[in-house]
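Just so it is clear: chains get the letters A, B, ... in the order the sequence lines come, proteins before strands, and each one is counted from 1.
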Number of protein chains: 2
Amino acid sequence: MSRSTRSGTRGEILDAAARLFAATGFKGTSLQDIAGEVGCSKAALLYHFDGKDAILAELLAPAVEAFTTLDARLAGLGDEDVQLAAVEGYVDLVMRFRREVTVLYDDIPALLQRPAFAGVHGMSDRLLDALAARSPAPAARIAALMVLSAVPVICMERIEIGVRTAPIMIGDDELRSILTRSAARTLDLRGA
Amino acid sequence: MSRSTRSGTRGEILDAAARLFAATGFKGTSLQDIAGEVGCSKAALLYHFDGKDAILAELLAPAVEAFTTLDARLAGLGDEDVQLAAVEGYVDLVMRFRREVTVLYDDIPALLQRPAFAGVHGMSDRLLDALAARSPAPAARIAALMVLSAVPVICMERIEIGVRTAPIMIGDDELRSILTRSAARTLDLRGA
DNA sequence: TCAGAAGCTGACCGATCGGACAGTTCGGAG
DNA sequence: CTCCGAACTGTCCGATCGGTCAGCTTCTGA
């Protein structure tokens, strides 16, 4: 379960796939690429996994699980507390699963259609609602959407936006703090 | 040059391509798809255009030109005025070229490598700089990156984020106003 | 009337992809 | 020693893609 150097060929496949998916995207990585990185045949991948999708599902499973946990926690909060908790929980989630988020961002619509991510749509909807403090006002929902879309981009391991700016070299704690405060400003959230 | 119903087969191809690229992405749209929509053969597309890339380049050319204009205007402003002008100019740019932005978002890294978009990287870098009020502080740059990445998502014709929320039904003027104010809050920009 | 250009078609090509499958290697249990 | 199953390979398949090409129609101007 450690981030790098899993044991056995199966583990090596997962490691290589995680690296390549994050670097060149899910669609942009072929089974041949992974096999080449591992040093085995493409058929070996399909011996250990039911297919390319199965590799992806196993890689993203921990992130989906953590998202589910956050979803459950937010569900138990009242409208007053839910917004701040959503901001902090979301920033934390994305930062903890940077690599997974990077992979997911490659092609969200197609990826989320897979059965392994059946519940993600609903959870995303509820998270958006929480970020908007469960307000139906357009201004609140747009600000929530902005936060929802901006946070992953900042944390991604690969720059998807057109900018080629030098990576911002700061520690995770400072990044988390800046992200949380910026998101709170976007949402016009008091007391953050 | 009108958004819909260009004249002639060549115009129909551009219209169909614009619709399909926005709906299913550049990579997700095959020449066969476009030909089917137009009602001609795939070879006819390649008679009118040098290739799939050429269709894309022609579709995005007006947006690139408008971006170039914005870039030039921002270059003439001092550090005090540039941030607000960047916010308003960027929001305006993205809203005016929603469809083009939607297409571009499909695969920014690969798309921007094409010669037709040679200058976009530099312009994006300078826009980011302007949004950060040309400050090197990490907090300013992160907030600028958040704005840069969030605004297009809100305006896109196709929802790329996981949420399946009902589209926010408001007029363009209100959307522009909300976007500008939200972005200003994110950037901690006074007097917007 | 006729040559030639414009517009377009169907057939085809090579590359790449995910995946299927039969066969091979090899270590350990009986 | 035998055998069996896990691990793995090389090869092939069908589908899809962007793109090429020879040739067919249709319109036009000298």
Side-chain angles (χ1 to χ4, degrees), chain A residues 5-60 103-104 106-117, chain B residues 5-60 103-104 106-117:
Chain A
T5 319
R6 281 172 260 233
S7 62
T9 301
R10 193 190 152 88
E12 286 181 40
I13 292 171
L14 284 175
D15 280 335
R19 247 175 295 134
L20 290 173
F21 285 168
T24 57
F26 179 72
K27 285 188 299 187
T29 304
S30 69
L31 293 180
Q32 199 57 251
D33 293 335
I34 304 175
E37 183 94 350
V38 173
C40 68
S41 70
K42 190 178 65 168
L45 307 187
L46 296 161
Y47 167 78
H48 287 286
F49 297 92
D50 284 341
K52 197 183 176 188
D53 286 12
I55 301 178
L56 178 73
E58 184 151 334
L59 279 177
L60 297 191
V103 175
L104 197 58
D106 183 44
D107 190 7
I108 297 182
L111 261 30
L112 287 194
Q113 277 185 342
R114 289 165 167 75
F117 311 118
Chain B
T5 319
R6 280 172 260 232
S7 62
T9 301
R10 193 190 150 89
E12 287 181 40
I13 291 171
L14 284 175
D15 280 336
R19 248 176 295 133
L20 290 173
F21 285 167
T24 56
F26 179 72
K27 283 188 300 185
T29 303
S30 69
L31 293 180
Q32 200 57 253
D33 294 334
I34 304 175
E37 183 94 350
V38 173
C40 67
S41 70
K42 191 179 64 170
L45 307 186
L46 296 161
Y47 169 76
H48 286 286
F49 297 90
D50 283 341
K52 197 184 178 187
D53 287 12
I55 301 178
L56 178 74
E58 185 151 334
L59 280 177
L60 297 192
V103 175
L104 198 56
D106 183 44
D107 190 7
I108 298 182
L111 261 31
L112 288 193
Q113 277 186 342
R114 288 165 167 75
F117 311 117

> In whole angstrom, give the distance that lies between atom CD of Gln32(B) and atom P of dG10(C).
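That distance rounds to 10 Å.
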> Select from Ala44(A) and Leu31(B) the residue whose nearest nucleotide in DNA chain D is closer to the 5' end of that strand.
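Here Ala44(A) is the residue nearer the 5' end.
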> Just so I know, are the side chains of Asp107(A) and Pro109(A) near enough to count as touching, which here means a heavy-atom distance under 4.5 Å?
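Yes, their side chains come closer than 4.5 Å.
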> Phe26(A) and side chain to side chain contact (heavy atoms under 4.5 Å, CB included): which single residue from Leu60(A), Ile55(A), Asp106(A) fits?
Asp106(A)
> Using whole Å, report how far CZ of Arg10(B) lies from C1' of dG7(C).
13 Å
> Please state whether the phosphate of dA7(D), meaning OP1 or OP2, lies under 4.0 angstrom from any side-chain nitrogen or oxygen of Thr9(A).
no
> Using a cut-off of strictly less than 4.0 Å, decide whether His48(B) has a side-chain nitrogen or oxygen near OP1 or OP2 of dA6(C).
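The answer is no; no side-chain N or O of His48(B) sits under 4.0 Å from OP1 or OP2.
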> Leu45(A) has an atom CG; how far is it from atom P of dC17(C), in whole Å?
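Nearest whole value for this atom pair: 13 Å.
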> At less than 4.0 Å, is any side-chain N or O atom of Tyr47(B) found next to OP1 or OP2 of dG7(C)? Yes or no.
yes
> Heavy atoms, side chains only, cut-off 4.5 Å: are Tyr47(B) and Ile13(B) in contact?
no
> Measure the distance from NZ on Lys27(A) to P on dT16(D) and round it to the nearest whole Å.
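Between P of dT16(D) and NZ of Lys27(A): 16 Å.
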> Mind checking if Ser30(A) touches a base, just sugar-phosphate, or nothing, with heavy atoms under 4.0 Å?
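If one applies the 4.0 Å heavy-atom cut-off, Ser30(A) turns out to touch the sugar-phosphate alone, with no base involved.
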> If you assign each of Ala43(B) and Gly28(A) to its closest nucleotide in DNA chain C, which residue comes earlier from the 5' end?
Ala43(B)
> Could you check whether the side chain of Lys52(A) and the base of dG19(C) have a donor-acceptor pair of N or O atoms closer than 3.5 Å, going by distance alone?
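It does not, because no donor-acceptor pair links the side chain of Lys52(A) to the base of dG19(C) below 3.5 Å.
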> Base, sugar-phosphate, or nothing for Leu46(B), non-hydrogen atoms under 4.0 angstrom?
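Base contact - Leu46(B) has a heavy atom under 4.0 Å of at least one base atom.
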> Ile55(B) CD1 to dG18(D) C1': how many Å, rounded?
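Nearest whole value for this atom pair: 11 Å.
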> Please check if the side chain of Lys52(B) supplies one atom and the backbone of Thr29(B) the other of a donor-acceptor pair under 3.5 Å.
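Looks like yes, one N/O pair under 3.5 Å.
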> Measure the distance from NZ on Lys42(A) to P on dC13(D) and round it to the nearest whole Å.
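Checked: the NZ to P distance equals 14 Å.
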> Counting only side-chain heavy atoms from C-beta out, which of dG19(D), dT9(D), dC17(D) sits nearest to Cys40(A)?
dT9(D)
> Evaluate the side-chain proximity of Asp15(B) to Arg19(B): yes if any heavy-atom separation is below 4.5 Å, no if none is.
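Heavy-atom side-chain distance check passes, below 4.5 Å.
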> Over how many whole Å does the gap from Asp53(A) atom CG to dG19(C) atom P extend?
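In whole Å, dG19(C) P and Asp53(A) CG are 6 Å from each other.
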